[in-house]
Amino acid sequence: MTTTKTPQGLEKWLGWMILLLLMGIAAGVFKAQYELNPAVAIKAAPPVAPVGSTNQGSALGKSQKLPPAGPLEIFTTDTLADKINGKADLYLTNGFVRLECRRFRLADAGQEWFEVFVYDMGEARRAFAVYSLQQRSGGREPALAPHAYQTENALYLVHGQYYLEIIASFSSTTALDRMKAFAADWIQNTPVSGPELQEAELFPAARRVENSLKLIGTDAFGYEGFRDIFTAEYRMGAANLTAFLSLRPTGPEAEKLSDEYRKFLLAFGGQALNPATDIPGLKAVNILDTYEIVFSRGRILAGVHGAEDLQQALELSKNLYEHLGRHEK
Amino acid sequence: MKNENQIRPCLSRRECLVRMGKAGGALFFLWAAGFWLRKRGAALPSDTAEGVSWPDFSVPGLSGKLVAVTSGERAKALERALQALGGIEKFIRPGDRVLLKVNAAFASPPLIGATTHPELLAEMIRLCRKAGADQVLVADNPINDPAACFALTGMEAAVKAAGGRLVLPRASDFKPLLLPGAERLAGWPVFYEPFKNINKLIGLAPLKDHHRSGASMTMKNWYGLLGGRRNILHQDIHQTILELARMIKPTLVVLDGTTAMMQNGPTGGSLADLKQADTLIVSTDQVAADALGASILEKDMQTLGFIRLAEAAAVGTADYRSLNPIFLSV
Amino acid sequence: MTIITVRRISQVFFLGLFFWFCLVMTIGEAFWQLRGWPVNWLIQLDPLVGLAFAITTGGLHPGLWWGLLTLSLTILLGRFFCGWVCPLGTLNQFIGFCAHGRKTLARRVALNRYHPAQGIKYLLLIGFLGSITSLQTGLLDPLPLLHRSMGLIITPLLEYTGIPISSGPRHYPNTALIGLILGLALGMNLVVPRFYCRFVCPLGALFGIFSRLALWRMGKAVKVCPDCLQCEACCEGACNPSAEFRTSECVLCMNCRPACGPALMTFQSTPSAGGEILLPDPGRRRFGLALATGLSAVPLLRLEGSLGKNWDPDKIRPPGSLAEAAFLARCLKCGQCLRICPTNIIQPSGLASGLEALWTPVLNFRMGTSGCQLNCIACGHVCPTGAISPLELDRKLGRGAYQEQGPIRMGLAFVDQGRCLPWAMNRPCIVCQENCPVSPKAIQTQVHFQPVPDIPALQIASANAATLVFENEGLQGQRLDGGDYYCRSLTNPAPARLIINNTGNSLTLAATSAPAAGERIEILLRLQRPWVEPSRCIGCGICEHECPVQGRRAIRVTAENESREKDHALIRI
């Protein structure tokens, strides 16, 4: 029998395993400390605005010509879901700041009422995004605001950073007239500042489908790099084409983004095309039997999305390019 | 030669097995006791000690039934659908205490179809009463201003007129969910009060598009039993809906697609969001009812995760045709 | 690297972890603050906590299932926890080594020989577990004991030396006994190494009982050895490795393995070739006596009625504490809540408030830096056993979904009119009212005008605008300008008017419609005497802390109206 003081295989192996276990425990403890104890977390969290509190400065809190049928309610990012539940996400991902809403009676007597929702989205672009994402088929109301429409029982519009919804408990023309009067009054009493939506003017008017302007905030056309992309539909012969554009901070950045979009398309199985065109730097890709065109002019990124006919897409691109040129001056 | 004393002792196979058996038995007992104790001790013995229990409310022998009635009139359609299932008496017995879980999530008018229609509710109460139900409770937990929600949706008046009883949620009516099967929802506050003393549960849901989950139908309707800041659960909405559908076994579900909200759900707001689909679905299989509802909403079933998950978890079948559904028109 | 080195690394690791968890007990997001550090993890690993908790409550608190893991490993390996993990074991081993490491072989053999008194710890364990209504193991269970000692004695002492560990020097009364026990636990190593582990530790006893099942254990590989006793000299558990092996006493220090010249000591699956004794036999009578003592101790202590009519109104428990009976069934006396409390108001109760509740947390508003802070829920979130519920802030304040239940009340403030300055001594003071944090304030005041006794009624000689002039110089200049003095006409009934300044013979008033010449006026002192609206008071104790009557405060919180005991309600709210 030999006496040995140096560890043998099993002992050594076991020793290392135990050390590994200790390291695992240390890692576990280290990971656990990132999940803040609730007692620590509340110190870091901002105070929550109470639900339904009234606010002197709110537009709906001021006296209105119609009798209110309920208290003014105010919701913030924390509480928005309490009011509109599953739809809160749509607003929250688009920069929602605050919602004020209140019901008004249509007349002093009677049960009919409408509810006004004023979504403060922080800036006009964001207000337009939520407006366009929910656009229903309905008649435009340009007299009220550049972006406004009505349906049988409701009125929707963008005013500066605000997105306004007025929804009636029943449908009638008198109700709509009252709501329009209410909206006009509210617009008058709610001064807004800040830049208007320039992009709306950048799309050529010819052959544009009415009410088709949309703003896609994130992940437009499935591409992560596309943020704040405006789209509009164009009637080209029998088909509808989608033109898009977006204002980027600088010219080179617009050019770079158009290039990256092309790479994105190619990475997903698109085929690069080289059509004859006068537009400098135009990229055309055939992907899943549709055509994607993208180019830049100045700091504007523009293009055509999902066209079925290349020639139509190029024609629309040309119109768009020329219109942008006029605008540049 | 080695002395006998120097021979290393060796365990016999029997000894070895006995010892492993003892240790294994001890380990088993230890962990079994641990799990049992853990379950018992999950709730703190504070004012929220009592947990919610959701017994099985379904009627034996009536599983897998589905009727769809084409009609513009909800009340008639409901009566006709129940007739096709053998009459309300099959589901509601004299002396039953029935809870109708409606969707009263928003303080919006019946016109815009975001909530359970008062006519449908009134007819259901009437039918339950007719079948001899002792009590017909109506409940939902719209987080924001429940009283206004029930009043403005017209449901309060309908409940009063038809002889039901409205249970408005109060803060003290919530108890933590401790049912086995609750994972994400373990310990979540649940609207408990109306469940205290009932033996039948019927879900009455409008057919709606839903921004987050794709569609809000009979399974999503159970969401309204949750309290707390349930918007947190929206992160994982399909799993949450699945968990609810797995734990709640209703007597019946009714999916009202008379005017289906095709877009901008769950709030809608405009008549332009609605489509006159003129279909009312009554079923004992919530998954089948939702699958048929999805086709009315023109949704691709593959995009509705909760239906796929619920089918995989054997809550019901998404292939509603396999249930030999009855299609009627009034 | 030998297994001994690995063991030492493991011991240092867990001791370091323990010290770290004790250091981070302040609320904050910095890495050296609470953050999300699992400060209760070592307590949760302690299966005696879980077992005693299961006996007293019939359940298992979240987190305590870690103890199952420890016990499971014990079933496989024996008392590894004592020799490899336990921070007290490590400290004991270290002190023992320092004290006895250089002694002669014979002395060390004698010190580390098995002693029949090592059976006492099993009786202690049985006794503690016999306390089936109240959790008492924490008194001697090494992890609660160490956490308590670190939190209430060692860290406060370090803070005295100027080492900044928490917000400032902290004070805890009733800690002498805690210090004594710690001193004994560590100091007795000088007499016998690992004294606490061998004779006292109930956790070690629990492991000892389970180690009888161990699949692998230390032991001699062959029966006959040279009897050099090298193994006995370095044995931490005093388990007689060279003779009949005491399996339940072996702490797996493994020292005997390299010490044995012929390498006969091994970690093996067979019983020691020298024979083994699995557990000391306590004897049926002793066992019965220990159990009976445990079973009867708490009922005996409760004869004083502390859970019934004789409840102690000064025992104000932290916010979210369970009702007293449930609280005592869960409170481990580990001191975590006392340590985390940012205002140092959670204090250990002493012997005077009952042996059963010794070292359980009570609020003392005279000490510390303020009362219970409205936006703090820390105590419940560091409690390892849920004796204090982990409250949401909304629940504590009765906001949001909890509006209807209202806020958590710890007690109710009472004004002691015999000590309160404006009530008892006609001295203006509204400190308590000003500091009341609830909205609307729970402390209200009632105004009382008290004629100033040493100033007689004055006759107005002339009056213009807001100035009144008297014939005689009698007033002490500027005495009445503090904003507390008023004057009132004795001739014309009119409200009292505020004096803003005075000279020897004139007063300047704040109002213009002053009394006219010829009227007699009296000088009044305006007192705002505080009273408490019980429906609003939550018993946070800020008023008591701020009260300028520093000895026995003139406004004091007692446990009346506390949310956790419906029977203590003073009024219907």
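Chain A is the first sequence line, chain B the second, and so forth, proteins listed ahead of strands; every chain is numbered from 1. Here the structure is a predicted model, which is why all the values come from computation and not from measurement.
Judged by distance alone, the side chains of C/Lys220 and C/Gln268 never bring a donor and an acceptor atom under 3.5 Å apart.
A cation-pi contact, defined as under 6.0 Å to the ring centre and within 45° of the axis, links A/Arg103 to A/Trp113.
Interface check for chain A: of the options C/Trp37, C/Trp41, C/Phe267, the most heavy-atom pairs under 4.5 Å are formed by C/Trp37.
Heavy atoms closer than 4.5 Å to chain A are found nowhere in C/Trp20, neither backbone nor side chain. Contact annotation for C/Leu393: only side-chain heavy atoms (C-beta onward) come within less than 4.5 Å of a heavy atom of chain A.
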Take A/Tyr156 and A/His147 through the test ring-ring contact (aromatic ring centres under 6.0 Å, His included) and record every step on the way to the result. CA-CA 8 Å; A/Tyr156 304 87; A/His147 305 289; over 10 Å; no
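Nearest heavy-atom pair across C/Leu374 and C/Lys396 is O-NZ, 3.7 Å.
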